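Whatever order the structure lists ligands and atoms in, that order sets their numbers, starting from 1. Please read these numbers as outputs of a predicted model, since none were measured by experiment.
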Amino acid sequence: MPVEKGNVFLNAPGTLNLEMKSHAQTNTSTAGGAMLLLRSVFACVIAAAFSPPAFTIVSSAVISDGLTPCQPAPSERQLRWHELEFYGFIHFTINTFTGKEWGYGDEPPSLFNPTDFDAEQIVSTAQEAGMKGLILTCKHHDGFCLWPSKYTGHSVKNSPWRNGRGDVVKEISDACRKHGLKFGVYLSPWDRNHKDYGRAEYITCFRNQLRELLTGYGPIFEVFFDGANGGDGYYGGARETRKIDRETYYDWPETIRMVRELQPGACIFSDAGPDVRWVGNERGVAGDPCWATLNSEDFVPGRADEARLNRGDRPGSHWVPAECDVSIRPGWFYHSREDDKVRAARNLVDLYYSSVGRGASLLLNLAPDRRGRIPEPDVKSLREFRRILDATFGGDLAQRAKASASNVRGGAARFAAKNVLDGKRDTYWATDDGVKTTELIIDLGRELDFNVVRLREYLPLGQRVEGFAIDRWQEGEWKEFAKGASIGNCRLARGDRVKTSKIRLRITKAAACPAISEMAVFAEPK
Ligand code: FUL
Ligand code: CA
């Protein structure tokens with residue numbers, strides 16, 4: 001039975017209804033619904049086609065202390081990605097000027113004409129919001145390229161903007177470098193403009209375009225592959241529906257090899273990886289628990305399981321952490337009709353807790369307007385969001401606390417309980433092998449108000465904790481404040497504001513002796 005979901009019809013999991021394809025053509029407003037399913041049926045192709053053995057960093061120091069990573073463990077490029085936590089998406093193209101969410105591919109390039117394009121304003125807005133990087137839609141499904149690609153005429157070079165000599169990718173990536181943000185690219189595999197889409201020739205063109213992006217704009221931190229379903233489109237004037245075999249058409253292993261060769265530090269995103277997975281919704285909400293581990297080989301084309309992507313698998317064969325992509329507006333692209341529907345700062349803060357706070361990343365979309373600037377209501381919301389986060393996380397209430405643990409690995413200072421308080425990701429508290437239930441107490445030395453505890457595992461050793469609880473000391477006894485299963489890169493336990501002088505972390509279940517790099521305590525502003 002087809003089930004209506006948003007504005008798209010779903011059949012049994014993963015199968016595309018033809019109605020959906022015709023819908024694709026007329027989709028003009030909502031961001032979520034239709035695109036959601038397309039991603040799930042497409043992107044798992046990548047995981048299925050390319051399922052590398054989990055690559056593990058094992059430093060010699062780790063081996064000499066007898067602490068071995070709990071498999072699978074993150075690769076070096078994934079560890080760097082984990083440090084970012086919060087970064088932005090920029091959806092900007094011809095759709096910005098037509099009011100659509102998906103262009104059909106027949107829009108004349110002359111429509112792309114921002115009146116006051118300002119990469120500085122876009123990037124500094126992102127930076128002030130605390131974003132650590134930006135991923136730009138260099139080409140969306142309509143095929144229009146924001147850079148002067150040699151491989152199509154459907155690009156900025158045939159637009160009146162900057163007299164056809166403009167390059168949005170260059171201006172944004174330069175501004176990112178200047179402001180210390182990482183830069184990433186979104187290149188839609190599905191191209192509704194290209195005459196050869198559906199044939200082998202197009203794959204060559206797609207790779208050529210990808211090569212231009214990976215070689216012309218400096219280091220890339222993430223390559224985002226999405227929505228490559230095949231369906232109806234302009235296709236050089238044919239105006240027809242083109243079907244592709246999702247398992248074979250794109251030959252993903254070859255494209256992935258190319259990304260590895262040209263940008264070895266870039267993480268590749270698709271439904272089920274290889275490096276970063278989709279969180280299974282476009283609402284910014286990771287599962288609880290949300291494991292960084294996933295049995296990627298289960299994800300075959302046409303059978304994406306959104307619930308599993310949302311939570312991950314435990315145990316899981318590969319390290320494929322979740323990314324939460326969500327827009328600050330109802331649509332991904334700018335529409336003036338949505339100027340009063342921008343997410344409020346408090347809502348953005350909640351998204352931060354439900355994504356970053358569950359070990360995933362937050363990829364928050366911003367939509368430059370027809371001027372080519374982030375609109376004022378969005379800037380205002382982002383500023384207030386940042387103000388709240390800074391007021392919360394600016395001061396760790398446990399900084400001068402004393403820590404003690406029921407077990408410390410070999411009694412060694414290197415693994416001491418106090419390592420959770422030093423604000424450093426690479427120092428941690430660990431227990432002896434075999435000690436999988438244990439506790440750590442921090443004594444704050446005075447009574448104070450708090451409502452958030454941040455925990456982090458030492459990620460090079462993999463995700464080890466499978467159950468934990470946090471208690472606070474009140475009126476002579478321990479009272480439970482929060483509990484959960486996964487910690488991973490970051491766990492924000494958030495509750496009501498309460499008083500305490502001591503906080504206890506109990507590890508109630510673990511796959512290997514825990515290695516905790518941080519326990520910090522905060523109070524959200526009233
Ligand atoms: C979806 C796309 O179809 C949307 O237009 C948007 O780019 C979003 C991030 O992914 O699947
Ligand atoms: Ca530490």
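In this structure, OD1 of Asp422 and O of Asn419 enclose an angle of 80° at the Ca ion (ligand 2), rounded to 10°. Rounded to 10 degrees, the O-metal-O angle spanning Lys424 and Thr427 at the Ca ion (ligand 2) equals 90°.
The pair Arg242-Asp232 does not count as a salt bridge, with every side-chain nitrogen at least 4.0 angstrom from each carboxylate oxygen.
At a 4.0 Å cut-off, not a single heavy atom of Phe224 sits close enough to ligand 1 to count as contact.
For the residue pair Thr438 / Ser406, a side-chain donor-acceptor distance below 3.5 Å is found, with atom types taken as modelled. Defined by atom type and a distance below 3.5 Å, a donor-acceptor pair is present between the side-chain atoms of Asn489 and Arg425.
In this structure, His335 has its ring center at least 6.0 angstrom away from the ring center of Phe333. Aromatic pair Trp102/Trp190: centroids less than 6.0 angstrom apart.
Of the residues Phe206, Tyr234, Tyr202, the one that meets the ring-ring contact (aromatic ring centres under 6.0 Å, His included) test with Tyr197 is Tyr202.
Those atoms of ligand 1 that come under 4.0 Å of a heavy atom in Asp226, given as number and element, are 1 (C), 2 (C), 7 (O), 8 (C), 10 (O), 11 (O). Near Phe89, meaning under 4.0 Å from one of its heavy atoms, ligand 1 places the atoms 9 (C). Set against the non-hydrogen atoms of Trp102, the atoms of ligand 1 under 4.0 Å away are 3 (O), 5 (O). Listed by number with element, the atoms of ligand 1 under 4.0 angstrom from any heavy atom of His141 are 2 (C), 3 (O). Residue-ligand proximity, Glu282 to ligand 1, at heavy-atom distances under 4.0 Å covers atoms 1 (C), 8 (C), 10 (O), 11 (O).
Not a single N or O atom of Glu101, backbone or side chain, sits closer than 3.5 Å to an N or O atom of ligand 1. For ligand 1, the polar-atom distance check against Tyr186 finds a nitrogen or oxygen pair separated by under 3.5 Å. Ligand 1 has a nitrogen or oxygen under 3.5 angstrom from a nitrogen or oxygen of His91.
The Ca ion (ligand 2) has an N, O or S atom of Ser517 closer than 3.0 Å.
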(request) Could you go through the salt bridge (Lys or Arg N to Asp or Glu O under 4.0 Å) check for Arg277 and Asp271 one step at a time? (result) CA-CA 5 Å; Arg277 76 175 193 265; Asp271 236 22; over 6 Å; no
